[in-house]
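Worksheet for the structure shown next.
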Amino acid sequence: MQKIRALIASPRVLSIKSNGWLYKCAGIRWIMSEESGNVQTKPLKRVEEGNRESGENGHIRKKLKSDVEQTGDERKLPKRKVVLLLAYSGKGYYGMQRNAGSSQFKTIEDELVTALIKSGCIPDNHGDDMKKMSFQRCARTDKGVSAAGQVVSLKLWMIEDIKEKLNSNLPPQIRVLGLKRVTGGFNSKNSCDARTYSYMLPTLAFAPKDYGTENSTAFRLEPETLQRVNRLFGSYKGTHNFHNFTSQKAARDPSARRYITEMTCGEPFVRGGAEFAEITVRGQSFMMHQIRKMIGLVIAVVKGYSGDEVLKRSWGEEKVDVPKAPGLGLVLEKVHFDRYNKRFGGDGLHECLEWTEEEQAILAFKEEHIYPSIVETECQEGSMASWMATLPIHDFEATAKGAQDKDRGQDDDEGNGSDSAL
């Protein structure tokens, strides 16, 4: 054995025999096998000289691709998983989600990806395939829908002044208000426990159906009517089958059951000479058009096109014609990560995904971009009044009974626990 140890450092020695055992040199390591050759050994691959570095005690450690990313000018920057807090006015955009290869219908993500590339946060080729940066959004807001608290997760290069550089490459109606490091396996869609939306509408929506819309700005909501509105919205709390509040959902599809924790209408306020109110709804997740249909059905009941019992009937297996309110006033207010915060928020390495420090910036953005856009568009275009004119053509009686088996298996959601275009 002393002879073996003395020869280990010599690269010229390939093998020696001792006491019936054969010692072979493979690369820089020695492997012991029986001299009979019954046990075969495979030579170990050498670590390439250009891709190794010394670790503790002189050991060779292979560099991982994820350790650093290299740009064209040979800079080496760490690539990390982060979340971005986004606020945007949806007017003029075809929703949140990017439509790859389609420049005709611009989305919020189109603008964001362009800004990420221009700012040097991601390589150019990541813009064509967003999976390369592990991109995920909490909710797919629909055409014209705004957000004050959208959250996306992705991997990017940790350049200096990321928020400032991104915002310099974004239009004023889209802002990055916050950035936080998260765990490597974090997914903003799957990790989200609940979502809170608001819906701003003219209180004229709750006027009697025979109320003339020619003097819409003069209408003021009576306290008794607001109380009734909130009783109806309160009926949605809990778990119900919302197959009538979306498309392509069978009545017995388990994914049509959704859990609502809050739905209320706040006190009216005046903007632009007209009276408005804001509805707040929080739920575990929502399907395509679900919130707009929940609001649309309550409006139809308050205006007298159907009785209160239609809400309970809409959760049954019968097909009920539920009207869909306009998308203009819908805003994604906040996304909630309670489980993630409980597990990682206090581990000393990661921050809670709460945005208390950004609250003033969120409110300022809403006052500057979201609220004026909703009020001005409503006053100029009268989208709510135009939509209300279509309510008489809806048939609120059951048009079909039994399970709706057609379109079974087609899901409006991105996945479990996530929102689709609302």
Side-chain angles (χ1 to χ4, degrees), residues 83-98 105-116 118-119 137-152 161-180 188 195-203 217 266 268-281 291-292 295 325-335 354-384 419 421-422:
V83 293
L84 301 178
L85 174 67
L86 298 180
Y88 52 84
S89 172
K91 184 177 181 180
Y93 288 95
Y94 285 81
M96 171 69 182
Q97 188 174 9
R98 193 179 191 203
F105 304 105
K106 182 162 286 190
T107 68
I108 301 298
E109 287 178 12
D110 285 326
E111 302 279 21
L112 178 61
V113 169
T114 299
L116 287 167
K118 287 183 176 180
S119 303
R137 68 202 68 77
C138 275
R140 293 187 295 174
T141 52
D142 205 353
K143 176 183 176 182
V145 176
S146 302
Q150 172 76 278
V151 171
V152 301
D161 302 322
I162 294 180
K163 285 195 302 180
E164 291 75 9
K165 289 180 180 177
L166 284 173
N167 286 327
S168 68
N169 289 302
L170 285 168
Q173 68 188 92
I174 305 174
R175 295 287 91 178
V176 175
L177 300 181
L179 181 149
K180 292 186 179 184
S188 61
R195 298 152 177 88
T196 297
Y197 285 83
S198 67
Y199 188 88
M200 185 174 169
L201 80 172
T203 57
T217 57
F269 52 90
V270 176
R271 282 183 180 253
E275 187 179 68
F276 287 81
E278 190 173 72
I279 299 162
T280 300
V281 54
I291 294 175
R292 292 163 61 185
I295 294 171
L328 173 64
L330 190 60
V331 179
L332 174 60
E333 290 284 345
K334 187 177 181 181
V335 289
E354 296 286 350
W355 309 98
T356 53
E357 294 181 3
E358 290 78 12
E359 285 181 356
Q360 290 300 317
I362 293 171
L363 181 59
F365 183 88
K366 290 166 67 175
E367 291 289 348
E368 183 177 358
H369 294 281
I370 296 179
Y371 292 151
S373 176
I374 294 174
V375 173
E376 290 171 10
T377 304
E378 181 60 45
C379 292
Q380 292 172 6
E381 300 178 5
S383 60
M384 180 59 70
D419 288 21
L422 299 166

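Under the 3.5 Å distance criterion, the side-chain polar atoms of Q150 are matched with a main-chain donor or acceptor of A139. The closest donor-acceptor contact from the side chain of E278 to the backbone of G266 lies at 3.5 Å or more, if one exists at all. A donor-acceptor contact shorter than 3.5 Å is absent between the side chain of S89 and the backbone of I370. Using a distance-only test at 3.5 Å, with no hydrogens or angles considered, a donor-acceptor pair links the side chain of N167 to the main chain of K163. Looking only at distances, a side-chain donor or acceptor of E378 sits under 3.5 Å from a matching main-chain atom of M384. Using modelled atom types, one side-chain atom of R175 and one backbone atom of L170 make a donor-acceptor pair closer than 3.5 Å. At least one donor-acceptor pair under 3.5 Å links the side chain of R195 to the backbone N or O of C138.
Between F105 and Y94, the ring-plane angle classifies as perpendicular under the 30° and 60° cut-offs.
Heavy-atom neighbours of E357 CD from other residues, nucleotides or ligands within 6.0 Å: at or below the threshold of 12.
When only modelled atom types and interatomic distance are considered, T280 and Y197 share no side-chain donor-acceptor pair under 3.5 Å. If you check the side chains of E111 and Y93, you find a donor sitting under 3.5 Å from an acceptor.
For the pair R271 and E367, the tightest heavy-atom approach, listed with the atom from each and the gap, is NH2-OE1, 3.2 Å. Here the closest heavy-atom approach between residue Q173 and residue F365 is recorded as O-CZ, 3.3 Å. The two residues S146 and G90 come nearest to each other via the heavy atoms OG-N, 3.0 Å. Here the closest non-hydrogen pair linking V331 and A148 is CG1-N, 3.9 Å. Closest non-hydrogen pair, L177 versus A87, comes out as CD1-CB, 3.7 Å.
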Mind running salt bridge (Lys or Arg N to Asp or Glu O under 4.0 Å) on E333 and K366 for me, showing each step along the way?
CA-CA 10 Å; E333 290 284 345; K366 290 166 67 175; 2.9 Å; yes

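We find that K91 and E381 are not joined by a salt bridge, their nearest charged nitrogen and carboxylate oxygen being 4.0 Å or further apart.
For the pair K180 and W355, the cation-pi test (distance below 6.0 Å, angle within 45°) is passed.
Annotation: side chain of L179 is not in contact with side chain of L85 (no heavy-atom distance under 4.5 Å).
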